[in-house]
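To start, the structure itself, in structure tokens.
The figures here come from the full heavy-atom set of this structure, side chains too, leaving out hydrogens, waters and symmetry mates.
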Amino acid sequence: MQAKPAPPAAATPASAPHAATATLLAALAIAALPALTTPLTAQTAARLEADPPSLVLERGETATLVVQVLDSEGRLVNEAVRIAGARRALSLEGAAAGPRAVAGAGAPGAAAAAAPATPGRTETTVTALEVGEWEIIVTTVRPGPGGRPLQLTVPVVVEWPPVVRIEVAADGPVFAGSTVTHRAAALHADGTRRPDAEFIWRTSDAARARVDEFGHVTGLVPGAVRVEATFQGVTGVLDGAVREFTGASLEIVGGADGGAVRTGDVQTFTAVVRDAGGEPIADVPVEWSHSYVPAPGVIAPAAPGQMAAGKIVADVPGEFTVVARSGSLRATHGFEAVPREVVRSIEILGRGHLQRVYSTDFWVFEGVDGRDYALVGSKQSDGHGFVFDVTDPDNVIKTDSVQVDARSVNDIKVSPDGRYASLTREGASNRRNGVVILDLADPAHPVIAAEYTEGLTGGVHNAFPTNDYLFALANGDKYVILDVRDIYNPKYVSEYDHPDSRVHDVWVHDGIAYSAEWGTGLVVVDVGNGRWGGTIENPVFVSSYAVPTGATHAAFPYYSESAGKFYVFIGDEILTRRGMAWEGIGPDYRQKDDPETGRGGYPRASWGYIQVIDFDDPANPKMVARYEVSEFGTHNIWVEDDILFQAYYEGGMRLVDVSGELMGNLYTQGREISVYKAFDPVGFIPNSPGAWSVMPHKGLVWFADINSGLWAMRFAGSL
């Protein structure tokens with residue numbers, strides 16, 4: 001498909017981006033230019049031109065955008081430009097020509113360095129990734145007329161490709177007197193599904209079966225019938241029949257073995273339909289519902305519990321009645337739900353104070369010398385990471401610091417054997433970021449063993465160390481696997497780059513890598529488990545799972561012995577509340593530091609929640625539960641001994657009971673054990689909680705707060 005031009009946009013001097021543009025330019029893609037080989041001409045850049053002046057693309061389609069720098073007489077000027085786009089929506093790759101080298105800014109898909117083309121002319125390949133209206137912003141590196149860079153906006157509209165077929169499926173057979181949900185999928189030519197398609201439903205014989213606007217088909221009279229779903233002029237069909245209902249009795253079996261159940265406990269019921277001879281009838285559809293009478297003193301909420309496919313969880317105390325219907329038959333089962341009562345008091349033991357920098361990730365571990373330590377990263381600290389001896393949590397002692405060439409030390413993790421630590425960074429002065437490996441032979445005074453930058457120059461935000469291998473994220477685009485058996489000589493082994501996806505975090509469990517990849521969601525790769533043929537040298541894709549928010553930031557795999565299930569906890573990171581009733585405080589709702597002291601500012605305002613995925617069958621994962629606290633946003637995750645240790649940014653450090661099977665919103669079920677918000681009057685931003693990470697260690701709870709450093713906590717009364 002050819003790119004479709006629209007009316008041209010004028011080039012104007014650049015000024016401070018307005019809020020919408022600032023949000024759009026999440027990543028700066030700088031056209032990397034060759035080194036200066038010829039002197040600048042006497043020409044002065046007067047305007048920018050783009051060909052085409054705008055783009056209309058289908059998702060997945062690629063087009064070439066040509067940008068020219070011209071003087072007042074329309075001649076090419078040998079001038080460098082920067083090209084930026086909406087990182088999640090547009091991929092920008094290509095060649096640029098100009099008078100001097102400008103290093104890339106670390107955005108996936110940035111225009112890459114290449115052999116010079118015509119001076120003053122830049123070609124960029126634009127690939128459409130996400131439907132919507134977007135902008136590409138082009139600016140000159142040097143000032144133009146009036147002392148400010150020239151700027152050109154190229155509108156980009158990304159549309160859905162046409163739907164070519166509709167597939168219709170049913171949840172089960174249709175019996176006379178029963179209702180069965182039918183589902184339709186609208187598919188593009190490449191097999192991808194159109195989200196949020198609204199179908200027109202009908203049946204071939206309304207006297208035999210009727211269907212509502214949601215695809216619920218009710219059988220009326222036995223006989224053949226066709227169900228049709230239409231979207232954008234394309235129709236899919238499912239041929240079937242209404243079967244005669246011969247059920248004579250209905251019984252509910254399962255659930256708790258008598259007595260009351262706690263809120264949050266999941267019960268599973270089965271409905272058995274029998275014919276007149278007492279024989280069970282297979283495949284008979286059953287409709288489930290429930291009713292509720294509140295406990296004394298409880299005002300019934302709109303949804304006191306949740307029920308789906310025979311499973312029910314009570315959110316609040318009271319009397320519940322489970323109802324099953326099939327044809328003209330009806331059966332009930334009652335039970336009482338009582339408060340979960342898992343709240344425990346928590347108290348402060350000690351602090352590792354860090355009020356002059358923003359604290360980031362941390363790791364608590366037992367060193368090879370038998371003592372306990374914590375490594376803490378930071379922002380706005382000239383590339384420092386800090387070392388604390390935490391053997392006595394009542395007396396946390398800073399023993400040392402490690403400085404690297406960086407703007408931010410983002411992530412710090414320690415290998416399971418305590419032999420080395422990985423330190424990731426962004427903003428190195430030479431733009432060769434990469435990962436730093438620390439030798440922990442003397443844990444109180446780590447030394448840099450090696451820096452690995454090959455293929456990792458765009459900024460490394462996270463890494464995951466095992467005893468022998470290190471998984472390092474490169475430029476938000478892929479993860480590179482390094483052999484670190486010799487930490488002074490790390491070696492490249494392999495890498496995994498999921499197509500058209502941005503990766504933020506990775507966690508490796510039992511030879512499987514679980515990576516958090518923003519809009520793509522969770523990506524699962526065999527990196528040595530072998531079940532899907534993967535090895536550390538040859539990673540093999542297993543499956544992916546997209547979550548509703550499209551902001552997958554972290555993932556934590558966990559086998560629950562109490563539930564007999566394998567869950568993956570997925571966390572969002574959405575650093576804006578724009579458009580919500582509570583948007584935050586301050587200009588543009590961002591932190592603003594005191595220009596004189598460098599400290600202070602406005603608390604962040606975030607949004608998002610934890611999504612719990614049942615991953616027992618990796619080929620068929622399904623979301624079963626969530627942990628959502630209103631007005632706050634999630635960050636890093638840890639799950640151990642049936643407790644979710646959750647950093648919830650301004651919502652503080654939160655501990656949640658995740659024992660047993662999980663279903664519904666854990667927040668409303670009384671599963672919260674403890675919450676602590678780090679209000680520190682002398683913090684970097686005073687009295688502004690901002691939990692970055694939480695983890696348990698030797699019976700204690702440790703967390704790093706953005707504005708106040710390291711905290712040690714324990715349950716009240718514990719030793």
Query raised in the report: If you measure from NZ on Lys413 to CH2 on Trp507, what distance do you get to the nearest 0.5 Å?
Result: 6.0 Å
Query raised in the report: Measuring from Asp657:CG to Arg340:CZ, what's the distance to the nearest 0.5 Å?
Result: 4.5 Å
**Report entry** Non-hydrogen atoms of Phe175 and Pro285 that approach each other most closely
**Finding:** CD1-CD, 3.3 Å
Report task. Output yes when a side-chain donor or acceptor of Tyr567 lies under 3.5 Å from a complementary backbone atom of Leu662, and no otherwise. Result -> yes
Query raised in the report: With distance as the sole test, does Arg502 use its side chain to make a donor-acceptor pair with the main-chain N or O of Gly519 at under 3.5 Å?
Result: no
Query raised in the report: After noting the C-alpha distance and the side-chain angles of Tyr496 and Val506, does the key distance pass the side-chain contact (heavy atoms from CB on, under 4.5 Å) rule?
Result: CA-CA 11 Å; Tyr496 182 79; Val506 66; over 6 Å; no
Query raised in the report: Are any side-chain N or O atoms of Asn529 and backbone N or O atoms of Asp510, one a donor and one an acceptor, separated by less than 3.5 Å?
Result: yes
Query raised in the report: Looking only at atom types and distance, does a side-chain atom of His553 sit under 3.5 Å from a main-chain N or O of Gly571, one as donor and one as acceptor?
Result: no
Query raised in the report: Between Thr321 and Ser291, is there a donor-acceptor pair closer than 3.5 Å when you use the side chain of the first and the backbone of the second?
Result: no
Requested in this report: Provide the closest heavy-atom pair for Pro173 versus Asp283 in the form atom of the first, atom of the second, distance.
Outcome: CG-O, 3.2 Å
Query - Intermediate values then yes/no, side-chain contact (heavy atoms from CB on, under 4.5 Å), Ile166 and Thr230 - result: CA-CA 7 Å; Ile166 307 292; Thr230 301; over 6 Å; no
Requested in this report: Please answer whether the main-chain N or O of Asn636 pairs with a side-chain N or O of Gln646 as donor and acceptor at a distance below 3.5 Å.
Outcome: yes
Query raised in the report: Ring centres of Trp638 and Trp363 under 6.0 Å apart?
Result: yes
Requested in this report: Determine whether the aromatic ring centres of Phe541 and His498 lie less than 6.0 Å apart.
Outcome: yes
Report task. Kindly state whether the ring of His182 and the ring of Phe199 have centres lying under 6.0 angstrom apart. Result -> no
Report summary line: CG of Asp614 to CE of Met623, rounded to nearest 0.5 Å, is 12.0 Å
**Report entry** Any side-chain heavy-atom pair of Phe645 and Leu655 under 4.5 Å
**Finding:** yes
Query raised in the report: Sub-3.5 Å donor-acceptor pair from the side chain of Thr218 to the main-chain atoms of Arg210, do we have one?
Result: no
Requested in this report: Report the C-alpha separation of Phe245 and Ile281 in whole Å, then their side-chain angles, then the decisive distance to 0.1 Å, and conclude whether the side-chain contact (heavy atoms from CB on, under 4.5 Å) test is met.
Outcome: CA-CA 9 Å; Phe245 183 73; Ile281 305 174; 5.6 Å; no
Query raised in the report: Taking the six-membered ring for Trp, are Phe703 and Trp711 ring centroids under 6.0 Å apart?
Result: yes
Report task. Supply the atom-to-atom distance Phe632 CZ to Trp607 CH2, rounded to the nearest 0.5 angstrom. Result -> 15.0 Å
Query - Any donor-acceptor N/O pair, Thr634 side chain to Asp572 backbone, under 3.5 Å - result: yes
Query raised in the report: Okay, side chain of Tyr558, backbone of Leu644: is any donor-acceptor separation there less than 3.5 Å?
Result: no
Query raised in the report: Are the side chains of Pro618 and Trp532 in touch, meaning some heavy atoms are under 4.5 Å apart?
Result: yes
Query raised in the report: Side chains of Tyr479 and Ser515: does their closest heavy-atom pair fall under 4.5 Å?
Result: yes
Requested in this report: Find out whether Glu167 and Leu187 are in side-chain contact, i.e. whether some heavy atom of one side chain is under 4.5 Å from a heavy atom of the other.
Outcome: yes
Query raised in the report: Crowded around Asp190 CG? As in, over 12 foreign heavy atoms under 6.0 Å?
Result: yes
**Report entry** Heavy-atom closest contact (Ala176 atom, Val242 atom, distance)
**Finding:** N-CG1, 3.6 Å
Query raised in the report: Trp692 versus His635: any side-chain heavy-atom pair under 4.5 Å?
Result: yes
Query raised in the report: Tell me the salt bridge (charged side-chain N to carboxylate O under 4.0 Å, His left out) pairs involving residues 212-239, sequence neighbours left out?
Result: Arg202-Glu228, Arg226-Asp239
Query raised in the report: Under the 3.5 angstrom rule, does the side chain of Thr263 hit a backbone N or O of Gln669 as a donor-acceptor pair?
Result: yes
Requested in this report: Might you point out which heavy atoms bring Ile252 and Ala331 nearest each other, and give the distance in Å?
Outcome: CD1-O, 3.5 Å
Requested in this report: Look at the aromatic rings of Tyr292 and Phe320 and report parallel, tilted or perpendicular, splitting at 30° and 60°.
Outcome: tilted
**Report entry** CZ on Arg578 to CD on Glu583, rounded to 0.5 Å
**Finding:** 6.5 Å
Query raised in the report: When rounded to the nearest 0.5 angstrom, what distance separates CD1 in Ile512 from CG in Asp526?
Result: 6.0 Å
Query - Side-chain touch His504/Asn462, heavy atoms, less than 4.5 angstrom - result: yes
Query raised in the report: Among side-chain atoms of Thr246 and Asp275, is any donor-acceptor pair under 3.5 angstrom?
Result: no
Report task. Apply side-chain contact (heavy atoms from CB on, under 4.5 Å) to Glu251 and His333, showing your working. Result -> CA-CA 9 Å; Glu251 178 187 11; His333 175 90; over 6 Å; no
Report summary line: Scanning both residues in full, the closest heavy-atom pair of Pro539 with Val527 reads CB-CG1, 4.0 Å
Query raised in the report: Is the ring centre of Tyr627 less than 6.0 Å from the ring centre of Tyr648?
Result: yes
Query - Glu650-Ser606 side chain donor-acceptor pair, cut-off 3.5 Å - result: yes
Report task. Might you point out which heavy atoms bring Asp171 and Arg183 nearest each other, and give the distance in Å? Result -> OD2-NH2, 2.9 Å
